[in-house]
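Working notes, beginning with the structure itself.
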Amino acid sequence: MSDATHITDTYNPLEVERKWQARWDSEGTNTYTDAELRRAGVQGRPFYNLMMFPYPSAEGLHIGNIYAFTGADIYGRFKRLQGYDVFEPIGFDAFGIHSENFALKQGVHPMELIPQNIERFTRQLRRVGFMYDWNHTVDTTQREYYRWTQWIFLQLYKAGLAVKKEAPVNWCPSCNTVLANEQVVAGACERCGTTVEIRNLSQWFFRITEYAERLLNNLATIDWSETTKKAQENWIGRSEGAEIVFPVVSESANLENDDGSEVVRQAFRYFLTADQIVSRWQELEYTAIRVFTTRPDTVFGATYMVLAPEHPLVDQITTRERRKAVEAYRRKTAKKDLVTRRKGDKKKTGTDTGARVLNPATGKEIPVWIADYVLMEYGTGAIMAVPGHDERDFEFARAYKLPIVRVVALEGVGANEPMIEAYTGPGRLVNSGHFDGMEVDEARHEVTAWLAERNAAEPRVNYRLHDWTISRQRYWGPPIPVLYCDDCGIVPVPEDQLPVELPYIEDFKPDASGISPLARHREWYLTGCPSCGGVARRETDVSDTFLDSAWYFLRYPSAGNDRRAFEPSLTRNWLPVDSYIGGNEHAVLHLLYARFVTMALHDLEWIDFEEPFTRFRAHGLIIKDGAKMSKSRGNVIVPDEYIEEYGADTLRTYLMFLGPYQEGGDFRATGITGPYNFLNRLWDAVLGAEDRPLYPAVEQKLHATIRKVTEDVEALSYNTAIAAMMEYLNVVRAGGRTPERAAVEPLVILVAPFAPHLAEELWERLGNERSVFRSATWPEYDPAKAVADTVEFVVQVNGRVRARMQMARGISESDARDAALADPNVQRFLDGRQVRKTIFVPDRLLNLVAG
RNA sequence: GCCCGGGUGGUGGAACGGUAGACACUGGGGUCUUAAAAACCCCUGGCGAGAGCCGUGCGGGUUCGAAUCCCGCCCCGGGCACCA
């Protein structure tokens, strides 16, 4: 006797969903064994369907999580019904500051908190009916996982891609830790909103900048949402230009060396031409300042130079008379936080160092200033200022009465016409020696080449991207697997000693010292040196959470494997990921880091592909009453209530019906009744269906609907797919008629990705034994049957609709014209005029142009 | 400032350059009911009795025909931003 008999004949979503969730578990409908995973990867049609694994917050599953996962799950279920072996795993990104802060606030230890959260999340995820393979799941905080996170660190270390260096880094004074550039939004911590400070600390960096060019170029080869690609492109920020050298020639510069000896080289100045100094500055031992510019063509207009106040050469070149003023200015800028300093709209300030450099193009001496509008982090920390053709330089030159020279002019503009604003447009060079008259674009290369010949410049590509700081002075993360030995220096922990376990400590609260809480535990950090056997100290920083998530997709197929991070054969068969869906807020964080780690592992020959995600689609955000959901606004939606009242199938369908999946939508409680009614009506239609031949109009609509739904689901256009199914059901039930079984059975399959529990139940009630996802195949449509015999044909007069008539499909132009001309309304609007021209769009429209 | 999206009824949203407003929600009317709920049916962009006219942020243009393409603006959301 079937379970169906225990279930009422009116649609009761809770009953239905409970039944099918239990059955999926007991029959392993959604899961693979390791053997199956291996076999399917080789013999089957493997399809790796990935979604961004959640951070298991204490608040439980958020409606935004459900929205994201439902869209991805629908795609996975669709692919399974199309006959693919779909691997759809889920896991938990549970390390990180967020969990740690919450644990601190609640006074619970994260090692107790996180397992509870994960348990609750798991329960909620199961309740929504995702097709997850619960046999292959990860939790980044488990030693079985972070052991391999540490292993990846070691691989990068061995390849020279993980380096420890002292550098100015972003410090969040509230989280008490260093942040990556990507985690600083508008000068503030993306987590807590506190303004970040710059501290000079010795940190571990991943040299992602080594991969800047490839990270950029490969974007052309992957099928990703355009918005995401653009975000990465902007973040990498490639600029092409030149590095130009300006030798320091000020007479009184640098009067003493460190040892007190006189500096004599400046004396050459009086025996040498500017040209000689420029081309021989190295052998003459001139100090030179390098600048990066995207406009080498304007070098003749460089009337002064500006260094970032922190530039290392400032001390050396500043003249005695200017020393006090320069020191004062540097102190002032050091106090300013980066936010105010980076605000572009404030007044320009700066001060003269007294030093002079040679403009290598003009051979003239120009002054060197320091100003905080030049940033040490970008380029060389120094610029050649071309006030005539750069807005910032123009503003600065105005403020300090520095000379402004025009070097680019449009036709008809005099070379020495005074400038009232910086001109950044196209034109020809003027006041530029033998380059006068040359187009800007050509001059860019020619000027660089000319300077390069004289040893004063070289072409240069510059990136905005910085190396990825991965050290975190916090507790809740994987310890960085490195030791410090007085004799041997930095010693990586041998791979067979992994993991370096995160100890359970009570006092995991971070402080402002810049040192991790782990550093308070000698018993943990003091250990033996694996190299010399002496005493070594462990690194007490942990790694960034984003390293955990930069490789989790590699782990899923191999989850549980305790010999390897990822098994080569499984990886080869299942990766790269076929479809990845997630939020665009990770466009430059997770998605960039994951690409970097994958590329590095590829170069180290651990994997044979360099892009992890073949196709990526960003989904939209789900908002409430036009605003982002947040606790402070009090507009947070608790999904559980809706699941209790309408069931998971309705919630899933409703969320997808809200609007275009890739744009998001506004959650309105009243709207949920639409999809709920639809599922109810479908239920009734299936239960009341009769075995008899399809009515022709229904058959036509069926084929049209299969086509529409198939195309729309493939394009993630879920809202229109649902609308098409509703429309079809309206036809099937039109006028209260009894539906044909052959009309509703395919619809049950079409709806299955959206409302899987309901589909299972109806599939069973239609007499099928096994799960719809294991026995049904996605319906095919016949293009010939997908179109109706008659069409509503529109007749226009001069582009305006004047008649609509039912016509046979395929009607000829002349027949259509005859019918149109016979129409009294058409005649009325022609008003006796000649038809000069007719436009005929087959099966759609005829436009009579009268004049 | 630069780079992406987007702007369509009371609301969410549909529309290969070819019937603007599919599909829903809300609202209104009705059927059934002692009544209510549910369910079902009809109406629901504006003006107009109607024929029809007007309508897709604004102003131009291309076209037989523009929500859709082009030019110039305005507004909203997101990314980047003294990046040289």
Side-chain angles (χ1 to χ4, degrees), chain A residues 185-186 225-235 237-239 241 291-295 298 306 341-346 348 371-375 377-386 389-393 395-396 424 462-464 584-585 587-588 618 620-621 623 626 628 654 657-660 662-675 677-678 680-681 684 717 719-730 733 735-736 791-804 825 828-829 836-851:
Chain A
V185 177
S225 292
E226 214 46 46
T227 51
T228 314
K229 287 208 225 180
K230 278 284 174 198
Q232 293 214 349
E233 202 180 304
N234 282 344
W235 189 261
R238 181 182 199 274
S239 327
V291 303
F292 172 73
T293 177
T294 53
R295 296 292 306 274
T298 63
V306 187
R341 194 171 155 189
R342 279 183 180 153
K343 278 271 182 278
D345 49 17
K346 69 157 186 55
K348 302 268 178 298
D372 65 5
Y373 82 91
V374 173
L375 308 173
E377 316 90 80
Y378 186 76
T380 61
I383 60 155
M384 63 175 206
V386 185
H389 305 281
D390 180 282
E391 283 159 26
R392 295 151 300 176
D393 298 344
E395 194 189 322
F396 192 77
T424 53
N462 210 26
Y463 297 94
R464 217 191 61 95
N584 219 13
E585 67 273 18
V588 292
L621 220 58
I623 57 172
K628 235 175 170 164
Y654 170 61
F657 187 60
L658 271 181
Q662 301 189 51
E663 285 170 31
D666 202 332
F667 192 100
R668 289 163 310 124
T670 52
I672 199 166
T673 53
N677 287 342
F678 166 63
N680 264 298
R681 286 152 52 85
D684 292 345
S717 182
N719 57 331
T720 52
I722 294 166
M725 290 189 281
M726 288 174 166
E727 213 175 311
Y728 173 62
L729 187 61
N730 288 344
R733 297 182 31 130
V791 291
E792 194 179 48
F793 195 85
V794 170
V795 181
Q796 298 183 329
V797 177
N798 288 340
R800 318 205 53 163
V801 179
R802 296 305 177 192
R804 296 154 206 260
N825 204 40
R828 189 158 77 82
F829 279 91
R836 283 193 290 116
K837 190 176 168 187
T838 56
I839 313 287
F840 177 68
V841 182
D843 293 331
R844 266 187 191 277
L845 143 161
L846 184 75
N847 187 8
L848 304 170
V849 185

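All values below were derived from every heavy atom in this structure, side-chain atoms included, with hydrogens, water molecules and symmetry-related copies excluded. Quantities reported herein were computed from a predicted structural model and do not represent experimental measurements. We name chains A, B, ... by the order of the sequence lines, and we start the count at 1 in each one.
Side-chain atoms of A:F829 lie closest to B:C53 of the nucleotides B:C82, B:C53, B:A84. Nearest nucleotide to the A:N730 side chain, out of B:G79, B:C23, B:A84: B:C23. Closest contact between the side chain of A:T670 and the listed nucleotides B:A81, B:U26, B:A39 involves B:U26. For A:D372, the side-chain atoms get nearest to B:C82 when compared with the rest of B:A84, B:C82, B:A39.
Summarising the geometry, the separation between CD on A:E585 and C1' on B:G78 is reported as 12 Å, rounded to the nearest angstrom. Per the geometry, CZ belonging to A:R295 stands 14 Å off P belonging to B:C83, to the nearest Å. Put simply, CG on A:N584 is 13 Å from C1' on B:G77, counting in whole angstrom units. Rounded to whole Å, atom P of B:C76 lies 16 Å from atom CD1 of A:I623. When the C1' atom of B:G78 is taken as reference, atom CD of A:Q232 falls 16 Å away, rounded to whole Å. The interatomic distance linking A:E395 (CD) with B:A84 (P) rounds to 17 Å, in whole Å. Nucleotide B:A84 holds its P atom 12 Å from the CE atom of A:M384, rounded to whole Å. When the P atom of B:C82 is taken as reference, atom CZ of A:F292 falls 16 Å away, rounded to whole Å.
Taking atom C1' on both B:C75 and B:U56, the two are 16 Å apart, rounded to the nearest angstrom. Separation of the C1' atoms belonging to B:U26 and B:U33 is 25 Å when rounded to the nearest angstrom. On the C1' atoms, B:G55 is 38 Å away from B:A38, given to the nearest whole Å. Of the C1' atoms belonging to B:G12 and B:G7, the separation is 15 Å, rounded to the nearest Å. Comparing the P positions of B:C74 and B:C64 gives an interatomic distance of 32 Å, to the nearest angstrom. For the C1' atom pair drawn from B:A49 and B:C40, the interatomic distance equals 32 Å after rounding to whole Å. Taking atom P on both nucleotides, B:A20 is separated from B:U34 by 47 Å, rounded to a whole Å. Distance check on atom C1': B:C80 versus B:G18 gives 41 Å, rounded to whole Å.
Residues A:N730 and A:R681 have side chains that bring a donor and an acceptor to within less than 3.5 angstrom of each other.
At distances below 3.5 Å, not a single donor-acceptor pair connects side-chain atoms of A:T294 with backbone N or O atoms of A:S239. Under a 3.5 Å cut-off, the side chain of A:N677 and the backbone N or O of A:T673 do form a donor-acceptor pair. Checking side-chain atoms of A:N798 against main-chain N and O of A:A850 turns up a donor-acceptor pair under 3.5 Å.
Judged by a 6.0 Å distance limit and a 45° cone about the ring axis, A:K348 is not positioned over the six-membered ring of A:F396.
The pair A:R392-A:E395 does not meet the salt-bridge criterion, since no charged nitrogen lies less than 4.0 angstrom from a carboxylate oxygen.
Closest approach of A:V291 and A:T380 over heavy atoms only: CA-OG1, 3.4 Å. When every heavy atom of A:V374 is checked against every heavy atom of A:G381, the shortest pair comes out as CG1-O, 3.5 Å.
A:R836 places a side-chain heavy atom less than 4.5 Å from the side chain of A:V849.
Ring planes of A:Y654 and A:F667: perpendicular class, angle over 60° (limits at 30 and 60°). Aromatic ring orientation, A:F840 versus A:F793: tilted (interplanar angle from 30° to 60°).
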message = Using a 4.0 Å heavy-atom cut-off to protein, can you give one letter per nucleotide of nucleotides 4-19 of chain B, 5' to 3': B if the base is in contact, S if only the sugar-phosphate is, - if neither?
response = S------BBSSSB-BB
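Classification of B:G9 as syn follows from a glycosidic angle within 90° of 0.
Under 4.0 angstrom from either OP1 or OP2 of B:G78 there lies no side-chain N or O belonging to A:N234. Phosphate contact (OP1/OP2 of B:A20, side-chain N/O of A:R800, threshold under 4.0 Å): absent. One finds a side-chain N or O of A:S239 lying less than 4.0 angstrom from the OP1 or OP2 phosphate oxygen of B:A84. Listed pair A:R464 / B:C80 fails the phosphate criterion, with no side-chain N or O lying under 4.0 Å from OP1 or OP2. In this model, the phosphate group of B:G52 is not approached by any side-chain N or O of A:R802 to a distance below 4.0 Å at OP1 or OP2.
Sparse packing is recorded around CD of A:E391, with 12 or fewer heavy atoms of other residues, nucleotides or ligands lying under 6.0 Å away.
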request  = Map every base of RNA chain B to its dot-bracket character, where paired means a Watson-Crick or G-U wobble contact with both distances under 3.5 Å and | marks a partner outside the strand.
outcome  = (((((((..(((.....[....))).(((((.......))))).(((....)))..(((((..]....))))))))))))....
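Projected onto RNA chain B by closest heavy-atom contact, A:T380 and A:V849 fall at different nucleotides, the more 5' of which corresponds to A:V849.
Note on A:N462: nothing from the nucleic acid sits closer than 4.0 angstrom, heavy atoms only. Counting non-hydrogen atoms under 4.0 angstrom, A:R238 reaches nothing in the nucleic acid. Across all strands shown, A:R836 has no heavy atoms under 4.0 Å from either base or sugar-phosphate atoms. Nucleic acid contact class of A:N677 (heavy atoms, under 4.0 Å, all strands): sugar-phosphate only. Here A:T838 lies out of heavy-atom contact (under 4.0 Å) with every strand.
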